[in-house]
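Structure first, commentary second.
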Amino acid sequence: MLYFESDYNQGAHEKILESFLRTNYEHLTSYGFDKYSDSAKEKIRAACGCPDAEIFFLVGGTQTNAVVIDSLLRSYEGAVAAVTGHINFHEAGAIELTGHKVLELPEHNGKIDPTELSAYLRDFKNDANNSHMVQPGMVYISHPTEYGTLYTKDELRALSEICSENRIPLYMDGARLGYGLMSYETDVTLADIAKYCDVFYIGGTKVGALCGEAVVFTKGNMPAYFMTTVKQHGALLAKGRLVGIQFDTLFTDDLYFKISRHAIDMAKLLKEAFEKKGYSFHLDSPTNQQFIILDNKKMAELSGKVTFSFWEKLDDERTVVRFATSWATREEDIDELRKIL
């Protein structure tokens, strides 16, 4: 069986496992105040070109979105997101459970259009009944998006300016950030993200870590008593070293970026394999997620030999499925897939 279902179905990069073994018997301070977490934060600040960034380590993506969004919003505010945004589409109501509504905007290949966002915020302000409505308190985007697409630097700048004008934060979900940054078709750098976003997170779970996400507040804007909010959500890890050590390793010698580029290279080979066999794509993704249209008979045939994710029903005879590469995908896996196709 070949495995292309997701990018977090394997363990962790061997250098992370080596780091765990090397540091296992050290006595370290709890809750992420250990020397390895401090070192990881300094390395992330340097990589972001943001020396004053405030950083907090959490365990998983859904947990991170719920904690960050709840900490930034007042009780009567909601988060603006594309209708296909992860917090609206695949987060099982986790944001609504915190008491905050997800406010939907149309999606364009998974992205929010800045012009539509500006119009939405303007119309809300001009609505005489807005005091009876959930107020837009932040804008949520992900990079890559749920469809593996990427914001351009101009789009990111435009969204940032709109949020600034409306005095609401721009928050980027970076669960797969490494794969976005290392795409051959992006003009966005980590420093750009730190410049234009008020807060974002660097995903580790899907990019070589056993678990863990690094939340980065870029404008001296970490909410007061943020750790208290984290603990109220049951998200405070006593052995915070476990995430700190992983990010310290990932941001040593550009490991995070190197393994992300590997996934992009494997995705390129996978995409070429499908193209040469005449398969169609639902959209053009420049990252590690590829969305292929399969007729249902072919889907059933492939599922006996390859794992992949159901994405959406296209019509009665065709289905969109997702093939994902990762930091751990081997070229031999792509070679075997070619033979099966």
Side-chain angles (χ1 to χ4, degrees), residues 3 6-24 26 28 32 34-51 53 55-61 64 143-144 148 150 172-186 188-194 200-216 237 239-269 286-289 324-334:
Y3 300 92
S6 190
D7 41 22
Y8 52 97
N9 283 359
Q10 291 172 279
H13 193 277
E14 56 268 22
K15 289 189 177 181
I16 286 176
L17 300 179
E18 290 167 3
S19 294
F20 279 148
L21 287 173
R22 188 180 66 253
T23 63
N24 191 47
E26 292 185 34
L28 299 171
D34 59 278
K35 64 182 180 181
Y36 296 106
S37 296
D38 289 342
S39 175
K41 291 174 184 178
E42 285 304 316
K43 290 173 183 177
I44 290 171
R45 290 185 184 107
C48 293
C50 190
I55 299 165
F56 200 97
F57 296 117
L58 290 168
V59 174
T64 299
H143 186 82
L150 298 171
M172 178 184 285
D173 178 330
R176 293 184 169 91
L177 187 57
Y179 303 135
L181 291 171
M182 298 315 294
S183 169
Y184 290 101
E185 298 180 32
T186 188
V188 172
T189 66
L190 191 55
D192 293 327
I193 291 169
F200 67 97
Y201 78 87
I202 301 170
T205 302
K206 296 178 173 68
V207 192
L210 200 60
C211 63
E213 328 296 328
V215 182
V216 184
L237 183 64
K239 294 183 180 179
R241 64 192 284 167
L242 295 178
V243 181
I245 286 168
Q246 293 184 83
F247 273 94
D248 190 47
T249 304
L250 286 170
F251 278 80
T252 298
D253 298 328
D254 291 331
L255 179 63
Y256 187 77
F257 303 101
K258 290 173 182 175
I259 63 177
S260 295
R261 176 57 61 84
H262 170 78
I264 296 300
D265 289 337
M266 293 300 100
K268 185 172 183 291
L269 293 178
T287 59
N288 71 310
Q289 301 179 87
T325 60
S326 78
W327 59 275
T329 301
R330 305 174 305 167
E331 192 165 347
E332 302 95 278
D333 298 330
I334 308 296

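The first residue in the sequence is number 1, and the count goes up from there. Scope of the values below: all heavy atoms of this structure, side chains included, with no hydrogens, waters or symmetry mates.
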Could you go step by step and tell me if V188 and L150 meet the side-chain contact (heavy atoms from CB on, under 4.5 Å) rule? CA-CA 9 Å; V188 172; L150 298 171; over 6 Å; no
Quick one: salt bridge (charged side-chain N to carboxylate O under 4.0 Å, His left out) partners of D192, sequence neighbours excluded? K153
dist C48:SG -> L190:CG (nearest 0.5 Å) comes out at 4.0 Å
Hits for salt bridge (charged side-chain N to carboxylate O under 4.0 Å, His left out) against E185, two or more places apart or cross-chain, chain-then-number order -> none
Sequence neighbours excluded, every pair satisfying side-chain hydrogen bond (donor to acceptor under 3.5 Å, both in side chains) that has a member inside residues 13-24: S19-T249
Which value, rounded to the nearest 0.5 Å, describes the distance between Q289 atom CD and S6 atom OG? 8.0 Å
Sequence neighbours left out, what passes side-chain hydrogen bond (donor to acceptor under 3.5 Å, both in side chains) with T252? Give chain and number order. K43
Exam field: side chain T329 to backbone S326, donor-acceptor pair closer than 3.5 Å: yes
When rounded to the nearest 0.5 angstrom, what distance separates CZ in R241 from CD in Q246? 12.0 Å
Using side-chain hydrogen bond (donor to acceptor under 3.5 Å, both in side chains) as the criterion, list what pairs up with R176, not counting sequence neighbours. D7
Spell out, as yes or no, whether a donor-acceptor pair under 3.5 Å connects the side chain of R45 to the backbone of A53. yes
Can you give me the closest heavy-atom contact between T186 and L181, atom names plus distance? CG2-O, 3.6 Å
Y256: ring-ring contact (aromatic ring centres under 6.0 Å, His included) partners, not counting sequence neighbours: F251
Is there a donor-acceptor pair under 3.5 Å between the side chain of D254 and the backbone N or O of F257? no
With K35, which residues qualify under salt bridge (charged side-chain N to carboxylate O under 4.0 Å, His left out), at least two apart? E26
State, to 0.1 Å, how close G244 and A40 come at their nearest heavy-atom pair, and which atoms those are. O-CB, 3.6 Å
At what distance, to the nearest 0.5 angstrom, does CG of D34 lie from CG of D38? 6.5 Å
Begin from the C-alpha positions of K258 and W327 and carry the test side-chain contact (heavy atoms from CB on, under 4.5 Å) through to its verdict. CA-CA 9 Å; K258 290 173 182 175; W327 59 275; over 6 Å; no
Worked verdict on I193 versus V216 for side-chain contact (heavy atoms from CB on, under 4.5 Å): CA-CA 10 Å; I193 291 169; V216 184; over 6 Å; no
Verdict with reasoning, R261 to Y184, per side-chain contact (heavy atoms from CB on, under 4.5 Å): CA-CA 9 Å; R261 176 57 61 84; Y184 290 101; 3.2 Å; yes
Measuring from atom CD1 of I44 to atom CD1 of I55, what distance do you get when rounded to the nearest 0.5 angstrom? 4.5 Å
What is the minimum heavy-atom distance between S37 and G240, and which atoms define it? OG-O, 3.9 Å
For F56, enumerate each residue passing the ring-ring contact (aromatic ring centres under 6.0 Å, His included) test, keeping only those at least two apart in sequence or located in another chain. F226
Would you give me the side-chain donor-acceptor pairs under 3.5 Å for residues 200-210, sequence neighbours excluded?
{"unit_1": "Y201", "atom_1": "OH", "unit_2": "D173", "atom_2": "OD1", "d": "2.8"}
{"unit_1": "T205", "atom_1": "OG1", "unit_2": "G212", "atom_2": "N", "d": "3.1"}
{"unit_1": "T205", "atom_1": "OG1", "unit_2": "E213", "atom_2": "OE2", "d": "2.4"}

Return yes if a side-chain donor-acceptor contact under 3.5 Å exists between D248 and S39, otherwise no. yes
Side chain to side chain contact (heavy atoms under 4.5 Å, CB included) with R330: which residues, sequence neighbours excluded? E332, D333
So, for I264 and P286, which heavy atoms are closest and what is the spacing to 0.1 Å? CD1-O, 4.1 Å
Here the gap from T325 atom OG1 to Y179 atom OH, rounded to the nearest 0.5 Å, amounts to 7.0 Å
Any residue meeting ring-ring contact (aromatic ring centres under 6.0 Å, His included) with F57, in chain and number order, not counting sequence neighbours: F247
Taking only residues two or more places apart in sequence or in another chain, which ones pass salt bridge (charged side-chain N to carboxylate O under 4.0 Å, His left out) with D265? none
